[in-house]
Amino acid sequence: MTPQEHRQRILDDLEPMPAYPQPLMDCLGLAVAEDVHAGVSLPGFDNSSMDGYAVHYADVATASADAPVRLPVVGEIGAGQASVLALPPGAAAKIMTGAPMPAGADTVVPYEWTDRGVAAVEIRRTPDEAQHVRYAGEDVAKGDLLVPAGTVLGPRHLGLIASVGRAQVAVRPRPRVVVLSTGTELREPGDSLGHDSIYDGNSFLLAAAARRAGAIAYRVGIVPDEPRAFMAALSDQLVRADLVVTSGGVSMGDYDVVKEALTPHGVWFGPVAMQPGKPQGFGRVGEERVPVVCLPGNPVSSFVSFELFVLPAVRRLMGLTPEARPVRRATLTHPVRSAQGKEQYLRGWYDGSQASVSPVGGPGSHLIGDLAAANCLIVIPPETVSLGENAEVDVIELDAEF
Ligand SMILES: Nc1nc2c(c(=O)[nH]1)N[C@H]1C(S)=C(S)[C@@H](COP(=O)(O)OP(=O)(O)OC[C@H]3O[C@@H](n4cnc5c(N)ncnc54)[C@H](O)[C@@H]3O)O[C@H]1N2
Ligand code: MOO
């Protein structure tokens, strides 16, 4: 099974979660599940784009510094305080930016071209006809399609949707992802270590990656390599999970708890032709048939597997496309070697300005120090065993938004 086949199998088994209306501030980064149309026009009414005086153009068409035009000021129109509804010929009304044009007025003269008079105003320059008027509907017309279904809502979409008066919009929710890490050798950071124990880095790595992918991540404490304890912990979590991710216990050892506990429930375990990340598992568990992705325990294997399989699964549940990270081409700064028959995912540093990539550290799947120093994965195809400097490779940028 290739990594692509394994990913496709997971994606084929999942569907986007049902959408429901949520308040706008909860919709950032989510896929909208309806075509959002404008319920009102924008601007909603003809209004001024400057602080100044609303006038009839014909009254001021000859104004100049030498021969200013003097008009009585019949009132003042502030934004949200429109007292002057109509302007008679031969008069001016003070008007503020955003305030509605009074009926009859067609032009705005900015303060700077006047004496800023209160009872009467002296206009010292001829404006262009219709200057500084913003017309109803010139931006958005009522009924326009503003945001098509499937769009991932960003700040500008939310600002527009709010501007047409919608308080809620139907979006696909964030999936709740439960992360369980297994291993009798694991200890919580902050606790003391024995001669044969290690800190549980993976649950933080995976829960943080799930949150970064858009999920609500629940990091569950450490579960020992004991099938009954694992099943008890898993059962407790299923009620709040849209997806479960496990770390460890999937290979060939005598205590590979996840595989031992879940194989009888019909979860598939087997090798995927990749390094790191060879042993994998996927299936559904419990009455609600919650999907569970079982990742290997080596930290780099776990992370690479997350990127290739869990991130796309989360995006699928959220209705985000493309599900998998885009692949870029880059030139190697140093030669690399790779095992035959497996797709190799080396850690690297991608320099987008040069479209170049440098290997970071070795291929070992325990090298979490090198993993943290990398910003990409370098993909070496299964049939390739070595590549020289300047060879072109596929690169998966790890922190890029897509
Ligand atoms: N005889 C074989 N042995 C192994 C095979 C194999 O095919 N035949 N595959 C190797 C490969 S490849 C991998 S990857 C690992 C996967 O092992 P498991 O998923 O069963 O994981 P564990 O045995 O539980 O742990 C592996 C390794 O990772 C460390 N680990 C585990 N959990 C954490 C954690 N939460 N935080 C930090 N580090 C963790 C653990 O201590 C082990 O060192 O199997 C190979 N073996
Ligand atoms: O799959 Mo393992 O990840 O090679 O160490």
Side-chain angles (χ1 to χ4, degrees), residues 1-3 6-7 177-191 193-210 217-227 229-230 233-234 237 244-263 267-283 292-310 336-347 361-372 374 377-380 382:
M1 161 117 34
T2 66
H6 186 51
R7 172 164 62 224
V177 174
V178 166
V179 176
L180 279 166
S181 65
T182 67
T184 299
E185 75 279 25
L186 300 177
R187 300 289 179 271
E188 280 290 328
D191 287 356
L193 281 184
H195 70 281
D196 58 352
S197 51
I198 62 167
Y199 289 119
D200 168 21
N202 286 3
S203 63
F204 292 87
L205 177 72
L206 298 172
Y218 297 115
R219 184 195 150 261
V220 178
I222 298 153
V223 184
D225 292 326
E226 205 278 294
F230 172 75
L234 179 64
Q237 295 300 323
V244 174
V245 179
T246 66
S247 139
V250 297
S251 64
M252 301 288 170
D254 295 345
Y255 306 99
D256 279 334
V257 62
V258 176
K259 193 170 166 183
E260 188 177 331
L262 293 183
T263 299
V267 174
W268 172 90
F269 290 92
V272 171
M274 60 191 278
Q275 201 287 315
K278 181 182 70 167
Q280 298 288 339
F282 175 69
V292 49
V293 185
C294 305
L295 308 181
N298 277 317
V300 180
S301 313
S302 229
F303 179 75
V304 169
S305 307
F306 182 97
E307 285 292 321
L308 294 191
F309 309 128
V310 183
V336 295
R337 304 192 66 77
S338 176
Q340 169 115 43
K342 289 179 181 179
E343 194 142 80
Q344 181 99 31
Y345 292 86
L346 298 169
R347 275 64 69 203
S365 50
H366 59 298
L367 301 173
I368 190 163
D370 292 331
L371 177 65
L377 299 175
I378 305 171
V379 188
I380 312 293

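Start at 1 and go down the list; that is how both ligands and their atoms are numbered.
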Original post:
According to the interplanar angle, ranging from 0 to 90°, do the rings of H6 and W268 count as parallel (below 30°), tilted (30 to 60°) or perpendicular (above 60°)?
Top reply: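 Taking W268 first and then H6, their aromatic rings sit tilted (interplane angle of 30° to 60°).
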Original post:
Distance from I380 atom CD1 to Q275 atom CD, nearest 0.5 Å?
Top reply: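 Those atoms lie 11.5 Å apart.
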Original post:
Out of curiosity, I368 CD1 to L205 CG, how far, rounded to the nearest 0.5 Å?
Top reply: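 Reported value, rounded in 0.5 Å steps: 5.5 Å.
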Original post:
Using a 4.0 angstrom limit on heavy atoms, which residues are close to ligand 2?
Top reply: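 Close residues (ligand 2, cut-off 4.0 Å): Q275, P276, G277, K278, P279, N298, S301, S365.
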Original post:
Taking the side chain as C-beta and beyond, is there a heavy-atom pair between V177 and Y218 under 4.5 Å?
Top reply: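 Side chain of V177 against side chain of Y218, heavy atoms only: no contact under 4.5 Å found.
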Subject >> Non-hydrogen side-chain atoms of V250 and L295 separated by less than 4.5 Å >> reply: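 Side chain of V250 against side chain of L295, heavy atoms only: no contact under 4.5 Å found.
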Original post:
Any side-chain donor paired with an acceptor under 3.5 Å for S181 and D200?
Top reply: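 A donor-acceptor contact under 3.5 Å links the two side chains.
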Original post:
Quick one: do the E343 and T2 side chains pair a donor with an acceptor below 3.5 Å?
Top reply: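 T2 and E343 do not have a side-chain donor-acceptor pair below 3.5 Å.
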Original post:
Just by distance, do the side chain of S302 and the backbone of P296 share a donor-acceptor pair under 3.5 Å?
Top reply: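 Yes; at least one donor-acceptor contact below 3.5 Å.
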**OP:** Compile the protein residues with any heavy atom at a distance under 4.0 Å from an atom of ligand 1; present them by chain, then by number.
**Re:**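 Within 4.0 Å of ligand 1, the protein residues are S181, T182, E185, L186, I198, Y199, D200, G201, N202, S247, G248, G249, V250, S251, M252, D256, K278, P279, P296, G297, N298, P299, S301.
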Subject >> Cationic N near anionic O, under 4.0 Å, R219 to E188 >> reply: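 Salt bridge: yes.
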